[in-house]
Amino acid sequence: MLVALVRAVSILPPASDIAWGKGARMRRHSDALVDVLSGSFDRTISVNVFHGPDRVKENLRFESWSLSGDLDNEIACTGSGTIVYDSVHGESLVPEGTKGVLSPFRATLELVMTVSAGRFVESVSLGMFDLTRIRSAWDVTADVNGVERVVASRVQVEFQSLESKLRRWGFRSPEMPRSLDSCFDEIRRISGFPVSETVADAAIPADTVWEAKQGGRLEAVQRLARVLGGIAVVDSAGALTIIPDEVGEKVGDLWLGSRGTVVDVGYEVDAETVYNVVVGHFEDADRNELWAVAATTVGDLAVDGVFGENTRYYSSDFVKTQGQAQSAVDSILALSTGSQQYDVPIQCHINPLAELGDVLELNEWVRPLTGRLVSFQMSDSELMSLTLRVTRPL
């Protein structure tokens, strides 16, 4: 794997050249917000609290917060922060077990970033998150007419993106899909989530069975996502979305030059992740073993060349015939030797519009560079970090 390091890059070009939001993704926003984000602005972040579909508290202050995401993780996004509540009638927001507005057994949090510049104000939802843990909580009290009353509550929370609900919700017994006609229909059935159909639908392989085990439901959704050629994540609108393996058209731009200065660029080549032999081990419908091998025989990565052999082993429950086995290993080999991926970490001014899976282009770089946003870190800092995964032909 190649690793490049780019720092102090602006995420926005001049407003007339802005490309945010012209693709199929990005968080919801107005055209006016795009213009504001290209200049000077203030920002605050707040929390809305939901119990099921009901919003029970809104616009709660959020301090010392952080939010990070990574497409390579089972749970795509995690975060933490302190919710601050100014009591109206002496009530407390400190939860007690399964009771209370902020009980982890009840609450789902929506993080909202509000951007302001002069008379302009607009809010962007960063997404819905499962409240998973209260790290600490306490009330601030004061003497009011001789009576000690709660005047504020401070609750330190940890949260995860909504894939965590699927990980907790297991199958009670092994299940088969009700129909093999549509992966998307089956994702809706077993997840209960709305689904955004971002890729072409496909049939479910025969003899598919969902296992009754810890995390089995989330694993089943990801197995269907792999059939569709991607990874399933819950997007900022609360829908299960397939991020395709194949990088498509860009939906946004990152800009260098007058809007940002590159401080350092690192470069590293890692041969360990480039495989020129793939060995597949599968079982057919009668549980007989199936083996298939694919190898590179020509070019710089030929198995009889100076590089030698670097072998990857692969298996899949969806492969049931010899033809499927050979096709699978051929495909894995082509992905490994036909291109090489490298990650470009970028530090830039905070921007609420980009989300995991977006395809972004880095402009005014030494060479054209377009990649998928595979990880990010943002907090109450003025800067955020992004990582683009770029594919370059060998």
Side-chain angles (χ1 to χ4, degrees), residues 47-56 67-80 95 97-111 125-135 157-199 201-202 204-205 207-228 230-243 316-318 355-357:
V47 173
N48 298 325
V49 184
F50 290 79
H51 290 177
D54 300 322
R55 182 157 60 181
V56 295
L67 175 65
S68 62
D70 193 325
L71 281 182
D72 292 335
N73 293 340
E74 181 185 29
I75 305 300
C77 295
T78 60
S80 64
T98 61
K99 308 297 184 183
V101 169
L102 291 176
S103 169
F105 298 94
R106 294 173 176 260
T108 299
L109 308 180
E110 180 188 21
L111 272 59
S125 175
L126 300 182
M128 304 290 289
F129 301 91
D130 189 21
L131 175 56
T132 56
R133 182 187 178 202
I134 303 297
R135 291 196 301 191
V157 299
E158 294 181 359
F159 50 88
Q160 300 178 343
S161 50
L162 297 183
E163 297 94 359
S164 64
K165 290 185 178 293
L166 288 179
R167 184 171 62 182
R168 293 202 310 267
W169 181 27
F171 294 107
R172 297 187 179 185
S173 61
E175 288 188 17
M176 296 181 65
R178 289 183 181 174
S179 170
L180 300 178
D181 294 339
S182 166
C183 285
F184 280 123
D185 285 349
E186 183 66 2
I187 289 174
R188 290 186 183 91
R189 185 186 76 85
I190 65 176
S191 72
F193 276 74
V195 174
S196 177
E197 297 193 17
T198 53
V199 297
D201 203 353
I204 302 172
D207 302 314
T208 295
V209 177
W210 309 133
E211 297 182 62
K213 65 179 185 179
Q214 200 73 36
R217 192 176 298 268
L218 178 57
E219 180 181 290
V221 168
Q222 293 296 2
R223 284 175 61 185
L224 291 167
R226 287 194 292 274
V227 174
L228 293 169
I231 300 171
V233 298
V234 180
D235 66 14
S236 58
L240 271 170
T241 301
I242 307 301
I243 306 299
S316 171
D317 293 337
F318 288 131
E355 65 178 311
L356 284 176

Asks: Checking side chain to side chain contact (heavy atoms under 4.5 Å, CB included) for the pair Asn48/Leu109: CA distance, chi angles, key distance, verdict?
Replies: CA-CA 6 Å; Asn48 298 325; Leu109 308 180; over 6 Å; no
Asks: List for me each residue that meets salt bridge (Lys or Arg N to Asp or Glu O under 4.0 Å) alongside Glu219, sequence neighbours excluded, and say none if there are none.
Replies: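 Glu219 satisfies salt bridge (Lys or Arg N to Asp or Glu O under 4.0 Å) with Lys213 only.
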Asks: Side chain to side chain contact (heavy atoms under 4.5 Å, CB included) between Thr241 and Val234: does it pass, once the steps are laid out?
Replies: CA-CA 6 Å; Thr241 301; Val234 180; over 6 Å; no
Asks: Tell me, which pairs form a side chain to side chain donor-acceptor pair (under 3.5 Å) where one or both residues lie in residues 169-178, sequence neighbours left out?
Replies: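 Listed once each, the pairs are Glu175-Arg189.
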Asks: Going by side chain to side chain donor-acceptor pair (under 3.5 Å), name the residues that satisfy it together with Glu74, two or more places apart in sequence or in a different chain.
Replies: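 Glu74 satisfies side chain to side chain donor-acceptor pair (under 3.5 Å) with Arg167 only.
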Asks: Rounded to the nearest 0.5 Å, how far apart are CZ of Arg217 and OG of Ser191?
Replies: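 Here the rounded value is 8.5 Å.
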Asks: Can you find a pair of side-chain heavy atoms, one from Leu240 and one from Ser196, that are under 4.5 Å apart?
Replies: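 No, their side chains stay 4.5 Å or more apart.
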Asks: Once side chain to side chain donor-acceptor pair (under 3.5 Å) is applied, do any residues pair with Arg188, and if so which ones, sequence neighbours excluded?
Replies: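 For Arg188 the side chain to side chain donor-acceptor pair (under 3.5 Å) partners, ignoring immediate neighbours, are Asp185, Glu197.
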Asks: Which heavy atom of Pro194 sits nearest to which heavy atom of Gly238, and what is that distance?
Replies: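 Result for this residue pair: CG-O, 3.6 Å.
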Asks: Taking side chain to side chain donor-acceptor pair (under 3.5 Å) as the test, write out the residues that go with Arg106, two or more places apart.
Replies: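 Arg106: no side chain to side chain donor-acceptor pair (under 3.5 Å) contacts found.
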Asks: For Ile243 and Leu356, which heavy atoms make the closest approach, and how far apart are they?
Replies: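 Nearest heavy atoms, Ile243 then Leu356: CD1-O, 4.0 Å.
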Asks: Just to verify, what does Ser125 make a side-chain contact (heavy atoms from CB on, under 4.5 Å) with, not counting sequence neighbours?
Replies: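 Ser125: side-chain contact (heavy atoms from CB on, under 4.5 Å) contacts with Glu110.
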Asks: Which is it for Ile190 and Leu224 under the side chain to side chain contact (heavy atoms under 4.5 Å, CB included) test, yes or no, and what are the steps along the way?
Replies: CA-CA 11 Å; Ile190 65 176; Leu224 291 167; 4.1 Å; yes
Asks: Return the set of residues passing side-chain contact (heavy atoms from CB on, under 4.5 Å) with Asp201 (not counting sequence neighbours), or none when no residue passes.
Replies: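 So Asp201 forms a side-chain contact (heavy atoms from CB on, under 4.5 Å) with Ser182, Cys183, Phe184, Leu228.
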Asks: Restricting to side-chain contact (heavy atoms from CB on, under 4.5 Å), what partner residues turn up for Pro174, sequence neighbours left out?
Replies: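 So Pro174 forms a side-chain contact (heavy atoms from CB on, under 4.5 Å) with Val209, Ala212.
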Asks: What distance do Glu163 atom CD and Ile75 atom CD1 have between them, rounded to the nearest 0.5 Å?
Replies: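 Output value for this atom pair is 5.5 Å.
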Asks: Return the CG to CZ distance between Leu111 and Phe159, rounded to the nearest 0.5 Å.
Replies: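 Reported value, rounded in 0.5 Å steps: 4.5 Å.
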Asks: Do Leu131 and Phe129 pass the side chain to side chain contact (heavy atoms under 4.5 Å, CB included) test, and can you show the C-alpha distance, the side-chain angles, and the key distance before you say yes or no?
Replies: CA-CA 6 Å; Leu131 175 56; Phe129 301 91; over 6 Å; no
Asks: Evaluate the side-chain proximity of Thr78 to Asn73: yes if any heavy-atom separation is below 4.5 Å, no if none is.
Replies: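 The answer is no; the side chains never approach within 4.5 Å.
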Asks: Could you give the distance from CD (Glu186) to CD1 (Ile204), rounded to the nearest 0.5 Å?
Replies: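 CD1 of Ile204 is found 4.5 Å from CD of Glu186.
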Asks: For Phe105 and Gly97, which heavy atoms make the closest approach, and how far apart are they?
Replies: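 Closest pair (atom of Phe105, atom of Gly97, distance): CD1-O, 3.6 Å.
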Asks: Quick one: pull up CG in Asp235 and CG in Leu162 and give me the separation to the nearest 0.5 Å.
Replies: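 Reported value, rounded in 0.5 Å steps: 10.0 Å.
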Asks: Output the distance between atom CD1 (Ile231) and atom CD1 (Ile242), rounded to the nearest 0.5 Å.
Replies: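 Nearest 0.5 Å value for the CD1-CD1 distance: 9.5 Å.
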Asks: According to the salt bridge (Lys or Arg N to Asp or Glu O under 4.0 Å) rule, which pairs have a member within residues 125-134, sequence neighbours left out?
Replies: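 Matches after skipping sequence neighbours: Asp130-Lys165, Asp130-Arg168, Arg133-Glu158.
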Asks: Could you pull out all residues at least two apart from Ser236 that satisfy side-chain contact (heavy atoms from CB on, under 4.5 Å)?
Replies: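 With neighbours one apart ignored, the set is Arg27, Glu355.
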Asks: What pair of heavy atoms forms the shortest contact from Phe171 to Ala220, and how long is it?
Replies: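 Nearest heavy atoms, Phe171 then Ala220: CE1-CB, 4.1 Å.
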Asks: Can you tell if the side chain of Ile134 reaches within under 4.5 Å of the side chain of Pro95, non-hydrogen atoms only?
Replies: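 With C-beta onward as the side chain, the pair touches.
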Asks: Restricting to salt bridge (Lys or Arg N to Asp or Glu O under 4.0 Å), what partner residues turn up for Asp72, sequence neighbours left out?
Replies: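 Salt bridge (Lys or Arg N to Asp or Glu O under 4.0 Å) check on Asp72 returns Arg389.
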Asks: Would you say Ser103's side chain and Gly100's backbone share a donor-acceptor pair under 3.5 angstrom?
Replies: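 Such a contact is absent between Ser103 side chain and Gly100 backbone.
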Asks: Can you list the residues that meet the side chain to side chain donor-acceptor pair (under 3.5 Å) rule with Asp70, with sequence neighbours excluded?
Replies: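 Residues passing side chain to side chain donor-acceptor pair (under 3.5 Å) with Asp70: none at all.
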